[in-house]
Structures are given as C-alpha cells and as structure tokens.
Amino acid sequence: MSQTTHQLSPDQIVVTAVPDDERVWVPQAPNVWFRPLMLNTIAGQWCNLLRVRKAGVLSRHRHPAPVHGYVIKGAWRYLEHDWVARAGDYIFEPPGETHTLYVDEDVDEMITFFNISGCMYYVDPEDRHTGFEDVFTKIDMCRKHYSSVGLGESFVDQFVR
Ligand SMILES: [Fe+2]
C-alpha cells in the first residue's frame, strides 16, 4: 500500500460515532450531552454529536460561521422556522443567524451530528450575550469529564487536531 497522505497532514480519525461506552458522552446540561468526534484547534471548528433527552428549549444562540447538521435519531426544530429536522435530514445553518433550538414533547431522544465553525454565541430572548463555546471550551469540558469518569483527561486527545 503506498502512502497517499502528506507527511504534514494530521492523523485520520475513525471511530464509532455513537459510542458503546456511556462515559464518552460529555454532560452539557441536565439531560443534554455531546460526544466529541473531531476538535480542530487550527481552524477553530469541531464535529460532535448532540444528544438530548428532554423537551423544550435547549438554547438560543447565534454563530458567526456555518454549521452543518445531520439528524441521526429523533427530531428537533428552531422556533424561528416552520420546518422540523428529522432522522436522516441534513441541515445547513448560514452564518449570522440567531435561533432557538427546541425539542418537542413526543421526542424521547434526539441525536444529531453537528459540524460547527467558530463558536456558539449564546443569547437570551432579548439577544443579550449570555456565554459562548468554542473548540477550546469543548476540549476543556471533555478533559474535566473524562478525568472524572476514569477515562483520563487525555482520552480527548484522540479527537484533537
Ligand atoms: Fe445553530
């Protein structure tokens, strides 16, 4: 087999996306978790799964860069739009949009893949800034969680580029 990847290129990542080990899910809020897949410190971008087991408003947020999503399980929507993203759907979120992520009562669990660039900029209903997440805050959350569940904080390193 010949080498086709440039020597300066970072390593590939090949993992089972929905993990068998529950500890891989990082708690984000009560009944909300993310599972890191690729944490890109060079471009300021990350890929993760979001898992939600509650109904109602998840967050109101804005992002300055594009977001791509693919729904693996369940369904969700944004209060600002009239569509519902269901299992199998792809979603492109243009930069600069503010929206409120919402899961309906009849959804027991939703899992969605998101590819996020830049940051998640959280806002309240009056569009006032309440917090943010970027690839570095995600890495910090992973380190803390993986340390606490016995996987070790370096468990996240396999997803960092
Ligand atoms: Fe969004």
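Note that ligands are numbered from 1 as they come in the structure, with each ligand's atoms numbered from 1 the same way.
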In terms of side-chain geometry, is the basic nitrogen of [X] or [Y] positioned less than 4.0 Å from the acidic oxygen of its partner?
{"X": "Arg77", "Y": "Asp104", "value": "yes"}
{"X": "Lys138", "Y": "Glu133", "value": "yes"}
{"X": "Arg62", "Y": "Glu97", "value": "no"}

Quiz item: Do Phe92 and Pro66 have side chains that get closer than 4.5 Å, going by heavy atoms?
Solution: yes

Exercise. Scan residues 30-41 for pairs that pass side-chain hydrogen bond (donor to acceptor under 3.5 Å, both in side chains), counting only residues two or more places apart or in two chains.
Key: Asn40-Gln45

Quiz prompt | Distance filter under 2.8 Å, centred on the Fe ion (ligand 1) - protein N, O or S atoms that pass it | solution = His61 NE2, His63 NE2, Glu93 OE1, His99 NE2

Self-check item: side-chain contact (heavy atoms from CB on, under 4.5 Å) partner of Thr112, chosen from Val71, Leu101, Asn48
Solution: Val71

